[in-house]
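So the structure is just underneath, and the comments pick up after that.
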Amino acid sequence: MFGTRTSAFLKLSKRDLKYDLPASVVVFLVALPLCLGIALASGAPLFSGLLTGIIGGIVVASFSGSQLSVSGPAAGLTVIVLGAIQQLGAFETFLLAVLLAGAIQVVLGILKAGMIGNYFPSSVILGMLAAIGIIIILKQLPHAVGYDASFFGEESFIQLNSENTFSALQKAFGAINLGAVIICAVSLAILIGWPKIKKLSIVPAPLVVVIISVLLSLAFVGTDFELAGNHLVVIPVVNSFNEFLGLFTFPDFTQIVNQDVWIVAFTIAIIASLETLLSLEAVDKIDPFKRVSPTNRELLAQGVGNMTSGLVGGLPLTAVIVRSSANVNSGGRTRQSAILHGIWLILAVLLIPSIINLIPLACLAAILLHTGYKLAKPAAFKQMWHKGLDQFVPFVVTITAVVFTDLLTGVGIGLLVAMFYILKDNLSNSFEYDIEENEDGAKITFTLAEEVTFLNKAAIQKALHGLPRRINEIIIDGSQSRFIDKDVIEVIKDFEQNAVSKGKSLELVGIVNRKNVPNIRRFTQSILKNDSLKKRAVKKPSETIS
C-alpha cells in the first residue's frame, strides 16, 4: 500500500517539476531582496532574513497542505519586530518570543482556529489581492527608476523612514538613473514578449531577464548609465562553511519567565496567523486548479516554521502574498516550487554570493511590476462592477484602505463595509408576503425566511405595525423556517394581541410553542436517509469483477 502511494507521489513530482522548477527560480529572485530588506527594516542581522526565507521554503512548505503558498519574513511585521527587539533589549530574547509564537500557532492549529479564514467575504479577499497588486506597482516604481533609498519590499503606506508611498515616488522621479530605467524597460519587454514566442518559451522569461540585466549592468560600467552599489542586490559573502555556521544565533531561554516575552509572542502569533489565513485565502482564489488549502494544517506548518526560525536565529514568518502570487503567475503547480526556492536561497548564500550581488534591483522590480499588474488588472474591476454594488463597494473600499494603511487594517475596514451589505440584505430578506383582496378588505400572508434572527426583528415589527387598514385577515407562516429567534416570536405574539383587540383575524402557523428542534431532526433524518440510499447503491466487490 505505502509503496504504491510513494511511487504515485514521485510520478506526480516528476510530472510537475517542469512547471515548479522555473517558478521556484522566479520566487527565489523575488524573495532574495525581500528577505534582506525586511531584515534591514526590522533592525535584525541580514542573515536572519535569508534564514527565515530558507525555513519558510523548506520547513513550512514540507508541512503545509497548500500547493502554491510561499512563506517567509513578512513586511507587515517589520514595525512590530523592530519595536519588540528594542523593548526586549536583545535579539536573543526576541528569538525566544518567536519560538513561543510558533508554539502558540501549533496550539491554534490543534484547536482548529483556521476556520476563521472562511468568514472573510470574497469581495474583501479579491480587493486585498488587487490592493497588493497596486502596492507592488507603487512600491517598485522607485526601484525601477534607480531610486533605492527605501528598502525593497515595504508594504505599508507610511514607511519606516517617515515618508509615505507618494512622497517616495515624488523623490524617485526626481532622482532617475537612466541605466536602471533601461534595464527595467528591457526586462518588462522580455517578460511580456518572451512567452509569446513558442520556441523560446521553454526557457523561463524571468531567468532571461536576470541574465540580460546583469550583462547590461556590466556593460554600463564606466558610462553615464553605471549603477551604484545600492542599485544592486547585496547578500552576505560567506567564505567558508564554518563562517556560515557562525551566522546562526540562538534564543535566550533564561528569559522564559519574562512577561514581556510572552506578550510579544502572543502578538506575533495572532498577527502572523491572520496574515497567513488571509494570504492563503487569496492564493486559493488565483489558483488555476481552484484547490482549497487546509487552514488548520497551515497554522500547524506556520507554527513549526516559526519555532524553527526562533530556534536558529530567524525572524517571524507568514504566508506571503507577494511571493505566492509570483509563484502562481510563473506557472508553479505544487509545493515543490516553494521547497526549491528555499534550496536556491541556501546555495546562493554558500556558493554564489558574488554572482547574486551583480543582479540589479531594477530587473527584480520589473518582475514584480509584471506580477502587480496581473493582480490589479482592469478586468478585475470590471468583473466586480457587474456583480453589483454589494460586491463592488467592499472591493473598492478594501483596495483603498489597504493602499493607504496596511494589510490588516485595510482588510478590517473592508470587512466592516461588507458586513454592512450582508446585514442590509439579511434585513430585507426576512420574509415574503402575498395580498389577496376579498369582499370585506384584504388577506395578507407573511411567509418567514428559513433563518429569522434578532437582526430581522425591526423589519418584521415595522411591516406588521405598518399594515394598511383594509387588511382584516393576517396569516404569519413560520412552518418553512428552520430557526426563529425568541425576540421575533415575542414581537409576533405582541402583535397578535394588538390585532385581536382591533377585531382583525390572525393565524399563526408553525410559530406557537416553537422550540427550533423539529427541522433539525428532519435535517438529520434526511442525511441518514440519503446515506443509507448511497450505501444501497454501492455494488459489492464481487459485482464489479468481470
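At least one side-chain heavy atom of I183 sits less than 4.5 Å from a side-chain heavy atom of F220. Between C184 and V145, every side-chain heavy-atom pair lies at or beyond the 4.5 Å cut-off. For the pair D224 and L178, the minimum side-chain heavy-atom distance is 4.5 Å or more. Using a 4.5 Å heavy-atom cutoff, the side chains of L361 and V233 are in contact. No side-chain heavy atom of L232 sits under 4.5 Å from any side-chain heavy atom of L358. Between L368 and V30 there is a side-chain heavy-atom pair separated by less than 4.5 Å. Looking only at side-chain heavy atoms (C-beta outward), L50 and P236 come within less than 4.5 Å of each other. Looking at heavy atoms from C-beta onward, S273 lies in side-chain contact with L299 at the 4.5 angstrom threshold.
When all heavy atoms of L345 and F28 are compared, the closest pair comes out as CD2-CD1, 3.7 Å. Minimum heavy-atom separation, S325 to T371: OG-CG2, 3.6 Å. The shortest non-hydrogen separation linking T318 to L77 is CG2-CD1, 3.9 Å. The minimum heavy-atom distance linking L191 with P195 is given by the pair O-CD, 3.3 Å. Listed here is the closest heavy atom pair of A61 and I339: CB-CG1, 3.6 Å. Of all non-hydrogen atoms in S330 and V26, the two that sit nearest each other are OG-CG1, 3.2 Å.
Taking the six-membered ring where the residue is Trp, F244 and F248 present perpendicular rings, their angle passing 60° and hence far from 30°. Note: F404 and F166 have tilted aromatic rings, judged against thresholds of 30 and 60 degrees for the angle between ring planes.
The closest donor-acceptor contact from the side chain of T276 to the backbone of A319 lies under 3.5 Å. Put simply, the side chain of W194 never gets that close to the backbone of V209: no donor and acceptor are under 3.5 Å apart. Panel note: side chain S187, backbone C363; no donor-acceptor pair is recorded below 3.5 Å. S48 places a side-chain N or O within donor-acceptor distance of the main-chain N or O of P45, the cut-off being under 3.5 Å. No donor-acceptor pair under 3.5 Å is formed between the side chain of H143 and the backbone N or O of Q140. Although no hydrogens or angles enter the test, the distance criterion places a donor-acceptor pair under 3.5 Å between the side chain of R297 and the main chain of F63. For D284 (side chain) and V292 (main-chain N/O), no donor-acceptor pair under 3.5 Å exists by modelled atom type. At least one donor-acceptor pair under 3.5 Å links the side chain of T52 to the backbone N or O of L315. D260 places no side-chain N or O within donor-acceptor distance of the main-chain N or O of L88, the cut-off being under 3.5 Å. A donor-acceptor pair under 3.5 Å links the side-chain atoms of N306 to the main chain of L317, judged by distance alone.
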As a quick check of understanding, evaluate side-chain contact (heavy atoms from CB on, under 4.5 Å) for I125 and L278, giving each step before the final call.
CA-CA 7 Å; I125 297 300; L278 287 170; 4.0 Å; yes

Given the rule in the side-chain contact (heavy atoms from CB on, under 4.5 Å) test, do L138 and V403 qualify, once you have shown the distances and angles that lead to the verdict?
CA-CA 9 Å; L138 293 175; V403 169; 4.3 Å; yes

Using the rule given for side chain to side chain donor-acceptor pair (under 3.5 Å), can you reason through E298 versus S66, listing the C-alpha separation, both sets of side-chain angles and the distance that settles it, and then say yes or no?
CA-CA 7 Å; E298 185 64 27; S66 174; 5.0 Å; no

Tell me, with the steps shown, if D16 and T334 meet side chain to side chain donor-acceptor pair (under 3.5 Å).
CA-CA 7 Å; D16 292 324; T334 73; 4.9 Å; no

In sequence, state the C-alpha distance, the side-chain angles, and the governing distance for L17 and L340, and then conclude on side-chain contact (heavy atoms from CB on, under 4.5 Å).
CA-CA 10 Å; L17 192 60; L340 286 171; 4.0 Å; yes

Could you go through the side-chain contact (heavy atoms from CB on, under 4.5 Å) check for L129 and K285 one step at a time?
CA-CA 9 Å; L129 273 171; K285 290 284 183 188; 4.2 Å; yes

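For Y147 and F173, the ring centers are positioned 6.0 Å apart or more.
The environment of NZ in K290 is crowded: more than 12 heavy-atom neighbours from other residues, nucleotides or ligands sit within 6.0 Å. Within 6.0 Å of CZ on F91 lie more than 12 heavy atoms contributed by other residues, nucleotides or ligands. Annotation for Q170: atom CD does not count as buried by contact number, only 12 or fewer foreign heavy atoms lying within 6.0 Å.
Between the side chains of S71 and Q302, at least one donor N or O sits under 3.5 Å from an acceptor N or O.
For the side-chain contact (heavy atoms from CB on, under 4.5 Å) with W262, the qualifying choice from L96, V257, T267, L100 is L100, the only one to do so.
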